[in-house]
Trainee: 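If you scroll down you'll find the structure; I have some questions about it.
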Amino acid sequence: MSTAPARPPIADRFQVRGREAAGGGLDSHPRTPSGTACDVGVPGGGARRAQIPASSRRRSDMDPASQVASGAESAAGADASQGPFPLSTLRHSVSHLMASAVERLYPGTKFGFGPSIEHGFYYDMELPEPLEEKDLKRIEKEMRRIAKQTPQMVCTELSRDEAKAKLAAQDQTYKVEAVDLIPEDETITFWSHGDWADLCEGPHVDRLDREFHFKLLSLAGAYWRGDEKRPMLQRIYGTAFWTKEDLEAHLAWLEQVKLSDHRRIGTDQDLFSVHAEAGAGFVFWHPRLGVVRKEIEDFWWHEHRVRGYQPVYTPHVSREDLFAVSGHLENYGEMMYAPMDIEDIPYRVKPMNCPGHILIYQNRGRSYRELPLRWAELGTVYRFEKSGVVHGMLRVRGFTQDDSHIFCTPDQLADEIAGVLELVRTILDAFGFSFTAYLATRPEKAIGEEDIWERAIDALQRGAQKAGIELELDEGGGAFYGPKIDFKVKDAMGREWQQSTVQCDFNLPDRFDLTYTDTDGHKKRPIMVHRAILGSFERFVGVLIEHFSGKFPFWLAPDQVAVIPIREDHADYARELTARMEREGFRVNCMDDPSHMNKRIKHAQGDQTPFMLIVGEREAAEGTCAVRPRGTRDQVDMPFERFLDLARDLRASRALELPNLSPAT
RNA sequence: GCUGCUGUAGCUCAGUGGUAGAGCACUUCCUUGGUAAGGAAGAGGUCACGGGUUCAAGUCCCGUCAGCAGCUCCA
């Protein structure tokens, strides 16, 4: 258990409000935040605007457990506690306790920051010898000893010079640096228990011999002050609770979360795979997931077609020059795959679809009469991702964006944005995602006139209002080329993922010198709207698997119905029902193999098939079927025709839930 | 890319430097069963890959690839 992960496998890497550094294109992969000041308690930092790694901030608002019942934290938030101090205080104190134990076991260790975080704590440190996971048990033991021996926690105030001298004498180089991060007007305090004294603002629990329960969970590397150019320290993650029950509930919850991991479900249900032979970050969709994707695509295209979108298709490979003009080569060349030389001309695999759509636009003169143009493409793009970040279907090197570009006049912008937002709502609602929308405004470094920004922001706001979407403000979080709205969806476990994004772009039209002829006969510059709704099919479906825990709604399920004849002589009837359903396009698994019925039922359950139809002598004679919906052990007998009606309704309505079948009816 | 860990049958995992293992899945036979694993037998392996140490390597060492957790990054 000591190696249990500190948090669910698909953690929270993508969810925080993004800030685009540059672009001229749409990035469906949400971004992590740039470093911002943070109030999380750090030894020597505390609420003092110290830079600390992003993880602790993200965790504080995104860790799934914060959204879901998990022990004592659930009802009233992380700081609710039945103990004498808030949980965050306890955890901060336990991180000190851990540091003191490490110091005693590994003399010469240099310490960095060690704050409490949403569901526990960590401490960063540089040890003479690298720690291994098996060392955690030993450290826990030492922690218990120290807590008993020197329980009293004491706060002392030192002058800045005294603090630095003290820490320098101990060769605590990171701590010395930490002193300088504390604003001039703040006092310097140390918190100590026994021999151990740590630069820290506090607060802490009064005594370490109170009853509490903790566990060290995992080891990781973390750059000092979150900067990859600085040394990498070792980080120990742990958690603590006032009661044993709460700790156990938390650990059980971490285990339970693993069961919804899309990688596990993907293997169990034969949905997708990745292969070392093909390279990391390339997803292979198996037939069972292929049908899910196809259903989503069909739905997606329908919703686009009725809103005036037109399909376009663009090549996967283009001359490098194209990406030089767009600016991506210059700004993001390191994320593009290496050039291919074809007859001495460098070509590139496309990292995004917009330059291709622009070429179509540019192919002939455009009139205001044509605008707005709404072009959509399920465009597969390839981006190099560092080996350490590739993750299941959620962070990959090749993925299909549900990409669209709208070319419009400044006057049309507001309506176009409203239309996109309405579409976002329609599509995300269809999957049962609720979302939070963020309006990202002009960053410090930006191009474009102030009034165009104002108009675009106004358009985004009015569009949101029209679509009934509340916006949270992400001040200064826009792309340099224009403002945007990002949508983050929550999966069933409360984890937030950015999927949709709507971006106004004043940059690419300039770079490619796009024009249309206006009513006055003059050439004018169109505005481009980049938008993705699902983001990437890979990520969307990966999140979707977790959202449903592998239990797809009827319209999406790989197998919608399993027909199970009780005996072999009922197989003809089973095959007849199967054929009738398949004729209507339903996906049916006719389980007429001679294995035992219970075994086939078990198998259908493992695949999370929405309905089992169990048919025997009685059913064959009466033209009925015994319907057993997923997740129940009940069965309802009904005429097959009635089941067929039910299935048609479920499919047509794209219902997210299976109906309650009352045995009475 | 960085820190730590991991890689043995389709899956989940045992395996002390000395002949490659289990459960489930799979195949065959038996079982004709009314709602969460019927019985028996069989097949399945270059122990991720490449070097090295050793009389002997799944086991120890180095490298590569891939995966896990985290950090950094993500047009």
Side-chain angles (χ1 to χ4, degrees), chain A residues 3-9 11 13-14 18 20-32 34-35 53-55 59 122 124 126 130-135 217-224 226-237 261 263-264 267-268 270 274-281 323 326-336 351-352 354 381 383-392 395 479-481 503 507-508 530 564-570 594-606 612 614-619 626 628 632-635:
Chain A
T3 57
R7 58 205 53 76
R13 302 186 202 184
F14 311 102
E20 294 191 49
L26 163 139
D27 174 26
S28 64
H29 279 200
R31 282 150 291 271
T32 46
S34 55
S55 61
R59 217 165 310 288
Y122 67 77
D124 288 344
E126 187 178 275
L131 277 182
E132 294 175 16
E133 293 198 342
K134 60 174 164 28
D135 298 324
L217 294 169
S218 64
L219 284 170
Y223 296 108
W224 168 235
D227 181 349
E228 93 183 298
K229 291 185 184 63
R230 298 180 200 263
M232 177 162 274
L233 310 180
Q234 268 203 305
R235 174 174 295 181
I236 305 175
Y237 281 104
D261 190 310
R263 295 164 299 184
R264 166 182 285 270
T267 301
D268 287 351
D270 191 14
V274 291
H275 300 269
E277 305 89 301
F323 302 107
S326 71
H328 295 108
L329 196 59
E330 185 188 347
N331 291 309
Y332 303 100
E334 76 282 359
M335 304 258 337
M336 292 173 63
M352 51 197 351
C354 34
V381 297
R383 300 173 184 178
F384 170 72
E385 298 279 3
K386 287 177 181 172
S387 56
V389 306
V390 169
H391 182 102
R395 185 82 181 261
F480 82 93
Y481 54 80
Q503 306 177 357
N507 178 34
L508 277 182
H530 306 250
I564 300 176
I566 291 171
R567 273 204 323 267
E568 233 167 340
D569 44 323
H570 312 132
S595 66
H596 254 250
M597 183 183 65
N598 284 355
K599 207 169 190 177
R600 287 174 277 152
I601 288 170
K602 175 79 179 169
H603 192 80
Q605 279 171 333
M612 280 180 245
I614 293 163
V615 293
E617 217 157 319
R618 196 168 63 232
E619 286 79 8
R628 179 164 155 169
T632 78
R633 300 180 72 161
D634 305 328
Q635 55 150 1

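Given the structure is predicted, the values throughout are model-derived calculations rather than measurements. Quick note on labels: first sequence line is chain A, next is B, and so on, each numbered from 1.
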Trainee: Under 4.0 Å between any heavy atoms, over every strand shown, what does A:Ala220 touch: base, sugar-phosphate, or nothing? Just pick one.
Mentor: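 Base, at least one base atom sits under 4.0 Å.
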Trainee: Measure from CH2 on A:Trp224 to C1' on B:rU72 and round the result to the nearest Å.
Mentor: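 Atom CH2 in A:Trp224 sits about 16 Å away from atom C1' in B:rU72.
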Trainee: Looking at B:rC74, does its base get a donor-acceptor pair with the side chain of A:Arg395 below 3.5 Å?
Mentor: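 Such a pair is found, so the answer is yes.
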Trainee: Could you work out the separation of B:rU64 and B:rU6 based on their C1' atoms and round it to a whole Å?
Mentor: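 Between the two C1' atoms, the distance is 16 Å.
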Trainee: Only Watson-Crick and G-U wobble pairs with both distances less than 3.5 Å should count. Give RNA chain B in dot-bracket notation, marking inter-strand partners with |.
Mentor: (((((((..((((....[..)))).(((((.......))))).....(((((..]....))))))))))))....
Trainee: With C1' as the reference atom in both, quote the distance from B:rC5 to B:rG39 in angstrom, rounded to an integer.
Mentor: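 The answer is 42 Å between these two C1' atoms.
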Trainee: Working to the nearest 0.5 angstrom, can you tell me the gap between A:His328 NE2 and A:Arg383 CZ?
Mentor: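 Atom-to-atom, A:His328:NE2 and A:Arg383:CZ are 8.0 Å apart.
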Trainee: Nearest whole Å is fine: how far is B:rU3 P from A:Leu233 CG?
Mentor: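 It is 12 Å, rounded to the nearest whole Å.
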Trainee: Can you tell me if A:Glu330 uses its side chain to pair, donor with acceptor, with the backbone of A:Gly327 under 3.5 Å?
Mentor: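 No, because the side chain of A:Glu330 does not come within donor-acceptor range (under 3.5 Å) of the backbone of A:Gly327.
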Trainee: At their closest point, which heavy atom of A:Arg600 faces which heavy atom of A:Pro565, and how far apart are they?
Mentor: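 Answer, listing the atom of A:Arg600 first, then A:Pro565: NH1-O, 2.8 Å.
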Trainee: What distance do A:Gln234 atom CD and A:Leu131 atom CG have between them, rounded to the nearest 0.5 Å?
Mentor: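 Result: 4.5 Å between the selected atoms.
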Trainee: Of all the choices, B:rC68, B:rG67, B:rG70, which nucleotide is nearest to the side chain of A:Arg263 once you look at every atom?
Mentor: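 It is B:rC68.
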Trainee: Would you find a donor on one side and an acceptor on the other, under 3.5 Å apart, between the side chain of A:Arg263 and the backbone of A:Thr267?
Mentor: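 No.
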Trainee: Could you give the distance separating B:rA57 and B:rA48 at their P atoms, to the nearest angstrom?
Mentor: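 Approximately 15 Å lies between the P atom of B:rA48 and that of B:rA57.
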Trainee: Measure the CZ-CD distance between A:Arg567 and A:Glu617 for me, rounded to the nearest 0.5 Å.
Mentor: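 Atom-to-atom, A:Arg567:CZ and A:Glu617:CD are 5.0 Å apart.
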Trainee: Out of curiosity, A:Lys602 NZ to A:Ser595 OG, how far, rounded to the nearest 0.5 Å?
Mentor: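 These two atoms lie 14.0 Å from each other.
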Trainee: Quick one: A:Leu217 CG to B:rC68 C1', roughly how many Å, whole number?
Mentor: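 After rounding, the reported distance stands at 15 Å.
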Trainee: On RNA chain B, compare the nucleotides closest to A:Met335 and A:Val274; which residue's is nearer the 5' end?
Mentor: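 Per heavy-atom nearest nucleotide, the more 5' residue is A:Val274.
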Trainee: Considering only the P atoms, how many Å lie between B:rG58 and B:rU53, rounded to the nearest integer?
Mentor: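 16 Å, rounded to whole Å.
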Trainee: Ignoring hydrogens and angles, tell me if any N or O in the side chain of A:Arg235 forms a donor-acceptor pair with the backbone of A:Leu219 under 3.5 Å.
Mentor: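 Side chain of A:Arg235 to backbone of A:Leu219: no pair is present.
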Trainee: CG/A:Asn598 to CD/A:Gln605 distance, rounded to the nearest 0.5 angstrom?
Mentor: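 Taking CG in A:Asn598 and CD in A:Gln605, the distance rounds to 9.5 Å.
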Trainee: How many whole angstroms separate atom NE2 of A:His328 from atom P of B:rC74?
Mentor: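 Atom-to-atom, A:His328 to B:rC74, this comes out as 14 Å.
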Trainee: If we take the C1' atom in both B:rC24 and B:rG50, what is their distance in whole Å?
Mentor: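 The answer is 33 Å between these two C1' atoms.
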Trainee: For A:Met352 and B:rC74, what is the distance between atoms CE and P respectively, to the nearest whole Å?
Mentor: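 It works out to 14 Å between those atoms.
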Trainee: Picking from B:rA75, B:rU72, B:rG4, which would you name as closest to the side chain of A:Lys386?
Mentor: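 Comparing B:rA75, B:rU72, B:rG4 against the side chain of A:Lys386, the answer is B:rU72.
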Trainee: Say you pick atom C1' in B:rA40 and the same atom in B:rC11; how far apart are they, in whole Å?
Mentor: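 Result for the C1' pair: 23 Å, nearest Å.
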Trainee: To the nearest 0.5 Å, what is the distance between CE on A:Met612 and CZ on A:Arg628?
Mentor: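 One finds 4.5 Å between CE of A:Met612 and CZ of A:Arg628.
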Trainee: Looking only at atom P, what distance separates B:rG44 and B:rG33, rounded to whole Å?
Mentor: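 Comparing P positions in B:rG44 and B:rG33 gives a spacing of 35 Å.
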Trainee: Could you tell me how far apart A:Tyr223 (OH) and B:rC2 (C1') are, to the nearest whole angstrom?
Mentor: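 It works out to 3 Å between those atoms.
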Trainee: Has A:Arg230 got its NZ or CZ under 6.0 Å from the middle of the six-membered ring of A:Tyr223, at an angle within 45 degrees of the ring axis?
Mentor: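 Verdict for A:Tyr223: no cation-pi partner in A:Arg230.
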Trainee: Output the rounded distance in Å from CZ (A:Arg264) to P (B:rA69).
Mentor: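 Atom-to-atom, A:Arg264 to B:rA69, this comes out as 12 Å.
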Trainee: Quick check on RNA chain B: between A:Met232 and A:His275, whose nearest nucleotide comes earlier from the 5' end?
Mentor: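 It is A:Met232 whose nearest nucleotide is closer to the 5' end.
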Trainee: Tell me, for nucleotides 32-41 of chain B in 5' to 3' order, what letter each nucleotide earns: B for a base near a protein heavy atom under 4.0 Å, S for only sugar-phosphate near one, - for neither?
Mentor: BBBBBBB---
Trainee: Can you identify which nucleotide, out of B:rC71, B:rC11, B:rC65, has its nearest atom closest to the A:Ala276 side chain?
Mentor: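 Within the option list, the nearest is B:rC65.
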Trainee: If the P atom of B:rA14 is compared with that of B:rU54, how far apart are they to the nearest Å?
Mentor: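 Those two atoms are separated by 31 Å.
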Trainee: To the nearest Å, how far apart are A:Asp270 CG and B:rC26 P?
Mentor: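 Rounded to whole Å, this separation is 13 Å.
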